[in-house]
Amino acid sequence: MFRIKQNPLLAKKLGFNRIVLLLVLIAMYCFFAIFAKNFVSYNRLLSAMNYAYFLGFLSLGVTFVIATGGIDFSIGPVMFCAAIMSGYLLTHYHWPLWLCLITSILIGAMYGTLNGYLVAYKSVPSFITSMAIMQMSKGVASVFTKAQSVSWPQLAQENGWYRNLIKTKVGNVYIPVGMIILVVVAIICAIILNKTKIGRYLLALGSNKEAVWLSGVNVKKWEMLAYIICGTLAGIAAIFFVAAYTTVQPGYGDQYNNEAIAGCVMGGTSMGGGLASISGTFIGVMIISILQEGVLAIGLNKNYQLVITGIIVIVAVYIDVISRKRKY
Amino acid sequence: MSRQIQNTPVSSNKSIIRRLGGQNLVVFLIVAALFAFFCIVSPNFRRYSTILSILDYSYYITLIAIGVTFPLITGGVDLSIGTGLICYSLIGGYLVVYQGWPVWAGMIVCVLCGALIGLLNGFLVGTMNLPPFLATLCTMMMTRGLGSICSTGLGIPWPTAGTEGGWFRTIFKLNIGDLKLPLGFLWILLLVALMSFILNHTKIGRYIIAIGSNKEATRLSGINTKYVYISAYVISGIFAGLAAIAYSAIFASVYPGTGAGFELEGIGGAIIGGVSMTGGVGSVTGTLIGVFVICILKTGLPFIGLQANWQQIITGIVLIAAVLIDLSRNVKKGK
Amino acid sequence: MGDIILTMKGINKSFPGVRALNNVDFELYKGEVHALMGENGAGKSTLMKVLTGIYKKDSGTITYDGKVVEFANPREAQQAGIVIVHQELNMLGHLTVAQNIFIGREFMKGIKIDDDRMNVEAAKLFNRLNINIDPTEKMSNLTVGKQQMCEIAKAISHDAKIIVFDEPTAALTESEVNELFEIIRDLKKKDIGIVYITHRMDEIKLITDRVSVMRDGAYVGTLISKDSTKNDIISMMVGRVIYEEPKTESKVPKDAPVVLKVENLNAGKSVKDVSFELYKGEILGFSGLMGAGRTETAKAIIGADPKESGDIYINGKKVEIKSPEDAVKYGIGYLSEDRKRYGLMLQRNVAENSTIANLENFLNGIFIDTKKENKETEKYVESLAIKTPGIDQLIVNLSGGNQQKVILTKWLVRNCDILIFDEPTRGIDVGAKSDIYKLMNELVKAGKSIIMISSELPEILRMSDRIIVMCEGRKSGELRIEEASQEKIMHLATMGN
């Protein structure tokens with residue numbers, strides 16, 4: 001898909017990859033526009049974007065973790081857990097909405113902290129830790145709500161204003177506020193990753209943890225921070241999930257891990273760590289969102305998308321594996 | 001010297017007992033203690049029916065745990081077993097219920113599907129060099145989707161006991177008059193014996209351990225590591241297929257979209273049972289005992305008033321604890 | 001002595017940037033123990049790896065048992081009867097001794113591996129070799145010496161005609177060495193040809209028939225062991241044309257203060273009771289054979305490896321260094337011998353690699369002051385003559401010498417007062433080498449102090465103001481540059497054998 005002639009500059013290659021990805025995105029949109037009925041409409045696009053918002057936050061978060069050479073399988077269920085618990089506080093205990101939104105983010109951050117602590121300070125392999133956390137977050141959510149699902153208020157209802165976070169009706173037109181927020185957050189992430197010492201240390205330790213450690217950097221602290229960022233963004237994703245889909249049920253959410261990771265890996269973030277691209281992740285997420293909308297539009301169900309995403313990840317990781325083998 | 005030669009087999013047995021006995025004994029005591037705890041706290045737990053239900057719910061987890069022991073020993077992991085077993089059961093069940101296939105054929109289909117996904121995993125890991133957790137994560141997603149697609153999104157009720165084809169449920173639970181016999185446990189024991197033999201006494205098992213110990217040295221010894229990886233994952237897949245049969249036999253219906261999380265119970269059981277995350281170490285009997293820690297917790301928690309949901313939290317904690325213990329064990333060894 | 005069993009003629013082998021073997025000849029008789037000697041990196045192991053099919057030769061012929069052969073992999077060589085006992089152990093720790101010995105060629109009873117027979121065969125083998133090891137013991141439970149014996153037994157069990165021992169005694173105790181020599185004498189009687197790579201002079205007389213010496217990837221000459229002296233061999237080993245003038249006297253002022261003092265440092269098996277002092281403006285050379293404990297000493301000092309005991313004083317003040325973070329805080333920078341593994345962030349660019357140890361200095365709040373970073377990096381790129389298209393070039397695309405300069409830059413940017421250079425010129429070309437020497441001299445002139453660990457004697461003699469020689473984890477001697485010579489260092493480095 002985006003395999004290219006050997007280019008001396010990996011950095012340039014990343015840029016090239018993004019152009020290819022963008023072409024894939026456009027090609028995919030055209031494909032569905034031709035083969036799916038009524039695909040080309042503003043409403044369709046808005047619906048696809050509903051999916052892109054929460055997935056985008058998840059994917060941006062996990063980009064930081066993968067940049068350090070780790071992985072986080074807990075983001076989907078953690079997002080659900082945050083949405084369920086804060087939603088339950090809102091609907092059953094009548095906490096003010098703003099507090100619930102903050103709580104949601106905090107819950108995400110808390111899971112991220114736990115995850116990061118175990119990985120960085122206790123040397124537990126990240127995929128095992130995060131799978132255990134995934135399981136625990138599912139359990140915590142259903143214990144908290146006694147296994148009930150939680151429905152967040154509709155726009156017309158009391159406390160429904162948070163839904164304007166994804167789209168706001170101005171006159172007769174919906175403005176995709178969510179997209180603006182996602183782009184802003186993505187830009188912030190890109191700045192953090194590329195312009196600040198946080199990002200510098202994360203990419204550095206993803207590239208060679210031993211070397212960074214020998215350079216006198218407290219690598220544990222920074223590694224843990226990556227997971228905290230990831231968790232926090234999962235908490236934000238929760239808000240956008242309920243704003244789009246209203247109801248959250250305990251015990252689910254793990255399929256979104258895979259899609260978030262898929263978006264990230266497709267975008268050129270290397271599983272070996274040390275290379276990450278926020279814009280790549282962004283385009284990757286758009287591809288998956290259009291794909292899922294398109295798959296539904298041509299009359300297939302969600303399950304086909306699981307299979308297709310699985311294959312995409314395999315291809316993307318394989319390309320990563322061979323390009324790393326050739327290089328180093 | 002001749003004396004030493006004569007003694008060799010004996011001392012080999014001794015060292016096996018010494019090697020595995022310690023850990024297995026401790027885990028066994030934990031199982032016994034957990035069982036005793038629930039018995040004391042909850043009168044209902046003491047019933048024969050409870051023991052039966054612990055066993056009923058243990059079969060499929062035990063089977064995937066036995067299977068995943070092999071990839072774990074190579075130093076990898078197989079995450080596709082949980083959603084996999086549901087997928088295989090859905091496919092097999094769909095053929096039986098909606099396409100009129102005989103039950104035995106459906107069962108064979110389950111195992112074959114498992115072997116096929118195992119083959120795919122082994123290929124991705126062994127030949128394409130993908131990281132095992134990512135490769136099997138992808139097949140996890142794919143099996144989840146495939147299961148639903150093949151069953152057209154419906155829950156599949158395998159034939160109930162007493163109806164035509166319902167005989168397969170007696171494979172795991174035999175009713176003689178009022179007496180219910182947990183026949184499945186016998187099969188588990190036989191499979192444990194078989195897989196122990198394969199792990200410890202055949203070439204493939206030997207090479208699986210060798211790869212987990214030192215992949216490079218194994219390769220230098222002239223062993224084709226690709227095939228060893230593929231075999232390990234195929235074994236895991238076949239056992240996921242067997243687990244699919246066990247699951248179908250115990251539960252009235254199988255629903256698409258479930259199954260995520262089973263793999264953690266299986267992997268957790270194996271690690272508690274002494275399989276090392278870093279590869280090279282593990283035993284099938286250990287896995288069997290380890291799984292029962294999880295199964296008893298799973299069945300017992302509701303009896304002491306904790307909803308079944310707690311069990312997910314407990315699984316997570318137990319898994320992390322087991323890995324931490326494994327890590328500290330390695331640190332000690334390293335010194 | 002019997003007939004010739006092996007002739008290697010005109011063997012050439014290059015690795016990217018290095019000519020590892022240059023037209024090497026080698027010859028081995030049946031029933032002969034032929035020692036292969038040379039400094040670290042002289043090409044002994046490479047030659048043997050070419051022989052056993054681990055490396056593919058670029059040119060030259062190998063005649064074995066009268067036939068020209070070319071082995072594609074170690075397995076083919078094994079089947080033909082050439083086996084190698086590696087310096088690094090290739091053991092499978094989780095398997096038993098017998099299982100290790102017969103890995104890949106298990107005895108079968110149907111589909112069952114016949115472990116009993118393997119145990120019996122292994123016991124027989126050990127019995128024949130007079131080694132006392134239980135074949136059913138787990139490999140990881142054995143001492144390193146015993147593991148080595150198992151490797152040797154494994155090699156012998158292949159029915160070999162040629163056995164290559166790559167420094168077999170490095171990890172053995174004295175009694176184990178004697179056992180090994182018994183085995184080797186026994187093998188000799190069976191007309192097996194033995195290549196014996198070693199650093200230990202005294203073993204030459206004890207066990208070998210002939211000695212071939214290699215230097216800088218080339219064959220130097222062959223001596224009859226019993227007619228040659230230790231000095232003959234040493235002068236053959238080190239007798240290269242010294243194009244680098246050795247230092248004749250220390251440039252350190254008499255009254256220079258001690259900047260680093262290490263007292264009775266102990267860490268694991270490889271650092272025993274090491275004490276030394278480093279003066280301001282001094283280059284202190286650390287010499288010794290591979291595995292003498294020099295790198296381990298450095299790592300214990302900077303807190304990368306745990307130390308058991310010992311005190312470290314910096315500028316007279318006792319300090320507690322628990323991690324590299326502490327070491328860098330106290331101004332100690334460590335440049336590792338293994339660049340790729342411990343030094344470079346391959347996927348990142350020159351600037352990022354240069355500033356990683358001192359990022360705090362390039363911050364503007366939490367933002368990185370890229371301008372300042374680039375300016376500083378460019379300054380060093382220029383002054384160190386780092387050949388790179390730009391500072392945003394990924395470091396993986398630079399040559400070894402330039403990579404090394406970037407790592408040096410890292411510590412210069414950090415402005416460390418004490419620098420530990422572990423094999424600073426390993427695997428880099430001559431031009432970059434002399435650049436690095438020049439730089440080191442400038443650094444000490446500017447008041448920095450350098451510990452230089454090096455296995456190249458000419459390098460040690462050219463750069464050091466004072467030399468510490470280590471042997472088997474201990475400091476075996478200290479030489480002022482005025483009194484030092486290659487021969488003296490070699491004597492100290494092989495002391496205690």
Side-chain angles (χ1 to χ4, degrees), chain A residues 71 73-74 76-77 114 118 122-129 131-147 250-255 257-259 261-262 265 271-272 300-318 320-322 324-325, chain B residues 77 79-80 82-83 120 124 128-153 256-258 260-261 263-265 267-268 271 277-278 306-324 326-328 330-331:
Chain A
I71 189 79
F73 287 149
S74 68
L114 183 56
L118 287 167
K122 293 287 165 198
S123 315
V124 181
S126 56
F127 78 93
I128 279 283
T129 327
M131 295 212 85
I133 300 280
M134 160 177 119
Q135 204 65 359
M136 283 160 72
S137 64
K138 282 187 194 170
V140 167
S142 51
V143 167
F144 194 74
T145 65
K146 303 181 187 64
Y252 290 91
D254 33 357
Q255 80 201 59
N257 298 335
N258 310 344
E259 290 173 1
I261 293 167
V265 175
M271 288 308 300
L300 296 172
N301 57 31
K302 175 102 184 102
N303 300 305
Y304 286 91
Q305 195 211 336
L306 283 176
V307 179
I308 297 168
T309 321
I311 294 170
I312 291 176
V313 176
I314 289 177
V315 173
V317 176
Y318 184 57
D320 180 34
V321 166
I322 35 180
R324 251 185 301 154
K325 204 188 256 173
Chain B
V77 73
L79 302 177
S80 70
T83 52
L120 177 61
L124 293 176
M128 287 168 72
N129 289 319
L130 299 191
F133 67 90
L134 254 182
T136 55
L137 177 79
C138 292
T139 47
M140 172 183 175
M141 294 163 74
M142 289 159 72
T143 48
R144 188 186 212 168
L146 280 174
S148 311
I149 293 168
C150 294
S151 67
T152 60
T258 53
E263 74 278 356
L264 283 190
E265 292 168 5
I267 294 167
I271 294 177
M277 283 302 304
T278 46
L306 292 175
Q307 309 131 309
N309 308 313
W310 276 95
Q311 171 242 324
Q312 286 176 321
I313 304 177
I314 305 273
T315 313
I317 294 172
V318 168
L319 184 63
I320 290 180
V323 176
L324 282 175
D326 176 37
L327 285 170
S328 68
N330 282 344
V331 169

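Basis for what follows: all heavy atoms, side chains included, without hydrogens, waters or symmetry-related copies. Per chain, numbering begins at 1; letters A, B, ... match sequence-line order.
When heavy atoms are compared at a cutoff of 4.5 Å, A/Thr309 approaches chain B by way of both its backbone and its side chain. Only the side chain of B/Leu124 has a heavy atom closer than 4.5 Å to any heavy atom of chain A. Contact annotation for B/Gln311: neither backbone nor side-chain heavy atoms come within less than 4.5 Å of a heavy atom of chain A. For B/Pro256, no part sits under 4.5 Å from any heavy atom of chain A, backbone or side chain. For chain A, the nearby part of B/Val77 is the side chain; its heavy atoms alone come within less than 4.5 Å. Contacts between B/Thr315 and chain A at a heavy-atom distance below 4.5 Å involve the side chain alone, from C-beta outward. Both the backbone and the side chain of A/Lys146 come within less than 4.5 Å of a heavy atom of chain B. Heavy atoms closer than 4.5 Å to chain A are found nowhere in B/Ile314, neither backbone nor side chain. Contact annotation for A/Met271: only side-chain heavy atoms (C-beta onward) come within less than 4.5 Å of a heavy atom of chain B.
For the options B/Ile149, B/Leu146, B/Val323, heavy-atom pairs under 4.5 Å to chain A are most numerous at B/Ile149. Note on A/Ile71, A/Asn257, A/Ile308, A/Ile261: by heavy-atom pairs under 4.5 Å with chain B, the leading option is A/Ile71. Highest contact tally toward chain A, considering only B/Ala260, B/Gly147, B/Gly257, is held by B/Ala260 [criterion: heavy-atom pairs under 4.5 Å]. Comparing A/Leu300, A/Val317, A/Ile133, A/Val307 by heavy-atom pairs within less than 4.5 Å of chain B, the highest count is held by A/Val307. In terms of non-hydrogen atom pairs under 4.5 Å with chain B, the most contact-rich of A/Gly139, A/Ala147, A/Gly272 is A/Gly139. Between chain A and the options B/Ile313, B/Leu319, B/Val318, the largest number of non-hydrogen pairs under 4.5 Å is found for B/Ile313. Note on A/Asp254, A/Ile311, A/Val313, A/Leu118: by heavy-atom pairs under 4.5 Å with chain B, the leading option is A/Asp254.
At a threshold of 4.5 Å between non-hydrogen side-chain atoms, the residues B/Met128 and A/Val321 do not count as touching. For the pair A/Asn301/B/Ser148, no side-chain contact is recorded, criterion being any heavy-atom separation below 4.5 Å from C-beta on. Residues B/Ile317 and B/Ile320 have side chains not in contact (no heavy-atom distance under 4.5 Å, counting atoms from C-beta outward). Between A/Ile312 and A/Val265, every side-chain heavy-atom pair lies at or beyond the 4.5 Å cut-off.
Of the residues B/Leu134, B/Leu137, B/Leu130, the one that meets the side chain to side chain contact (heavy atoms under 4.5 Å, CB included) test with A/Ile314 is B/Leu130.
Between B/Phe133 and A/Phe127, the ring planes are parallel. Angles under 30° get that label, and only those over 60° would be called perpendicular.
Pairing each heavy atom of A/Met131 with each of A/Phe73, the nearest pair is CG-CD1, 3.5 Å.
Proximity of a side-chain donor or acceptor of B/Asp326 to a complementary backbone N or O of B/Met277 within less than 3.5 Å is detected. Side-chain N or O atoms of B/Ser80 include none that pairs as donor or acceptor with a backbone N or O of B/Thr136 at under 3.5 Å.
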Apply the test side-chain hydrogen bond (donor to acceptor under 3.5 Å, both in side chains) to residues A/Gln305 and A/Glu259: give CA-CA distance (whole Å), side-chain angles for both, the deciding distance (0.1 Å), then the verdict. CA-CA 10 Å; A/Gln305 195 211 336; A/Glu259 290 173 1; 3.3 Å; yes
